[in-house]
Amino acid sequence: MSDLHVGYGRKTVVFGVSMSVGPGEIVGVFGHNGSGKSTTISAILGANPAQRGKVVYLGKDVTRARSKANVKDGMALIPSERFVFADLSVRDNLLLGGAVERNQDKRAERLALVHDLFPVLAERADQLAGTMSGGQQRMVSLGLALMTGPKLLMLDEPSLGLAPAIVDEIFALIRRLADEEGLSVLLLEQNVPAALRVLDRVYVMRSGRIILEETAEEMRRRDSYWDLF
């Protein structure tokens with residue numbers, strides 16, 4: 001995307017943001033709450049139309065595309081909260097994610113991949129998703145997103161409320177998906193040290209603007225991150 005301006009009504013909250021993510025690449029977007037991170041990915045998905053600028057996906061201008069069409073074409077967004085259907089079983093959550101794919105063989109392949117990545121979801125297929133732990137619910141949400149067959153996965157604060165060991169496990173699985181499946185990942189985070197272990201590149205947002213772009217390796221060499229926020 002390039003020169004993206006996004007807002008609510010007449011109020012603009014994202015100003016001239018440009019960023020990119022390639023196949024198999026994990027790109028992090030850091031910034032405090034209110035910096036414009038979530039608004040930006042909402043515009044990419046098409047849930048909150050851009051006021052100005054352009055969103056290009058798979059070589060196609062999707063700036064004015066509806067979110068339903070973008071999801072069908074392979075975009076997936078996992079929000080920071082309410083990321084599972086709590087009153088449905090784990091199995092039904094996954095099947096709901098796979099409903100966009102009409103080919104039964106492809107659905108079966110995706111389900112096998114999800115169960116390979118998250119064996120606990122196969123073991124607890126009949127359990128209501130809302131009764132699982134926070135880390136397990138995050139796995140359900142990732143599994144649901146993977147059932148759609150995404151090419152671009154956007155995650156909003158995936159570490160929120162999780163124990164450090166679970167965060168490391170989730171991030172390692174995201175890295176595996178990028179490396180083995182060629183998945184493009186846009187990761188919004190405030191947990192900078194944990195995310196940097198799996199990222200390729202980094203953007204930092206402040207007050208609706210990109211203030212820094214550098215490789216994850218360059219950011220890992222910094223003595224401190226706090227002057228950026």
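Positions are given from 1 along the sequence. Values in this document were obtained by computation on a predicted structure and should not be read as measured data.
Atom-to-atom distance recorded for D168:CG and L173:CG is 11.0 Å, nearest 0.5 angstrom. Here the CG-OG distance, from L77 to S67, works out to 9.5 Å after rounding to the nearest 0.5 Å. Atoms CG and CG, from L111 and L95 in turn, are 7.0 Å apart once rounded to the nearest 0.5 Å.
The stretch residues 161-184 participates, sequence neighbours left out, in no ring-ring contact (aromatic ring centres under 6.0 Å, His included) pair at all. Residue pairs meeting the salt bridge (charged side-chain N to carboxylate O under 4.0 Å, His left out) criterion with at least one member in residues 53-64, sequence neighbours excluded: K60-D73. Listed by first and then second residue, the side chain to side chain donor-acceptor pair (under 3.5 Å) pairs involving residues 145-156 are S38-D156 (not counting sequence neighbours). The stretch residues 27-50 participates, sequence neighbours left out, in these salt bridge (charged side-chain N to carboxylate O under 4.0 Å, His left out) pairs: K37-E157. Pairs of residues two or more places apart, or lying in two chains, never qualify as salt bridge (charged side-chain N to carboxylate O under 4.0 Å, His left out) while including a residue from residues 185-195. Sorted by first and then second residue, the ring-ring contact (aromatic ring centres under 6.0 Å, His included) pairs with a member in residues 27-70 read H32-F229; sequence neighbours excluded. Pairs of residues two or more places apart, or lying in two chains, that qualify as salt bridge (charged side-chain N to carboxylate O under 4.0 Å, His left out) and include a residue from residues 95-107 are E101-R110.
The backbone N or O of V55 lies less than 3.5 Å from a partner atom in the side chain of T63, making a donor-acceptor pair. A donor-acceptor pair under 3.5 Å is formed between the side chain of N93 and the backbone N or O of S89. Side-chain N or O atoms of T39 include none that pairs as donor or acceptor with a backbone N or O of G36 at under 3.5 Å.
By the side chain to side chain donor-acceptor pair (under 3.5 Å) test, Q51 pairs with T12, sequence neighbours left out. Checked against side chain to side chain donor-acceptor pair (under 3.5 Å), R52 has no partners two or more places apart in sequence or in another chain. Listed by chain and number, the residues in a side chain to side chain donor-acceptor pair (under 3.5 Å) with D3 amount to none (sequence neighbours excluded).
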Worksheet item: Are V140 and M132 close enough, and set up right, to give a side-chain contact (heavy atoms from CB on, under 4.5 Å), and what steps lead you there?
Response: CA-CA 9 Å; V140 174; M132 303 182 84; 3.8 Å; yes
Discussion item. Pair L153, I78 - check side-chain contact (heavy atoms from CB on, under 4.5 Å), show working.
Written reply: CA-CA 8 Å; L153 178 62; I78 301 177; 4.1 Å; yes
Discussion item. Assess the residue pair I41 and L45 against the criterion (side-chain contact (heavy atoms from CB on, under 4.5 Å)); give the C-alpha distance rounded to whole Å, side-chain angles, the decisive distance to 0.1 Å, and a yes or no.
Written reply: CA-CA 6 Å; I41 61 170; L45 185 69; over 6 Å; no
Practice prompt. Starting from the C-alpha separation in whole Å, work towards a yes-or-no answer on side-chain contact (heavy atoms from CB on, under 4.5 Å) for I174 and V198.
Written response: CA-CA 8 Å; I174 293 169; V198 299; 5.8 Å; no
Would you tabulate the side-chain donor-acceptor contacts of residues 180-188 under 3.5 Å, counting partners in other chains and residues two or more places apart, or write 'none'?
unit_1	atom_1	unit_2	atom_2	d
E180	OE1	R176	NE	3.2
S184	OG	G22	O	2.9

May I have the list of side-chain donor-acceptor pairs in residues 207-216 shorter than 3.5 Å, sequence neighbours left out?
unit_1	atom_1	unit_2	atom_2	d
E213	OE2	R201	NH1	3.2
E214	OE1	R222	NH2	3.4
E214	OE2	M219	N	3.4
E214	OE2	R222	NE	2.8
T215	OG1	E218	N	3.0
T215	OG1	E218	OE1	3.4

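Taking all atoms of both residues into account, the shortest heavy-atom contact from L199 to V27 is CD2-C, 4.0 Å. Taking all atoms of both residues into account, the shortest heavy-atom contact from S159 to N191 is OG-CB, 3.6 Å. The heavy-atom pair separating F83 from R138 by the smallest distance is CE2-NH2, 3.2 Å. Closest of all the heavy-atom pairs between V6 and P49 is CG1-O, 4.0 Å. The two residues L121 and Q136 make their nearest non-hydrogen contact at CD2-O, 4.3 Å.
Salt bridge annotation for D200-R175: present, with a cationic side-chain nitrogen under 4.0 angstrom from a carboxylate oxygen.
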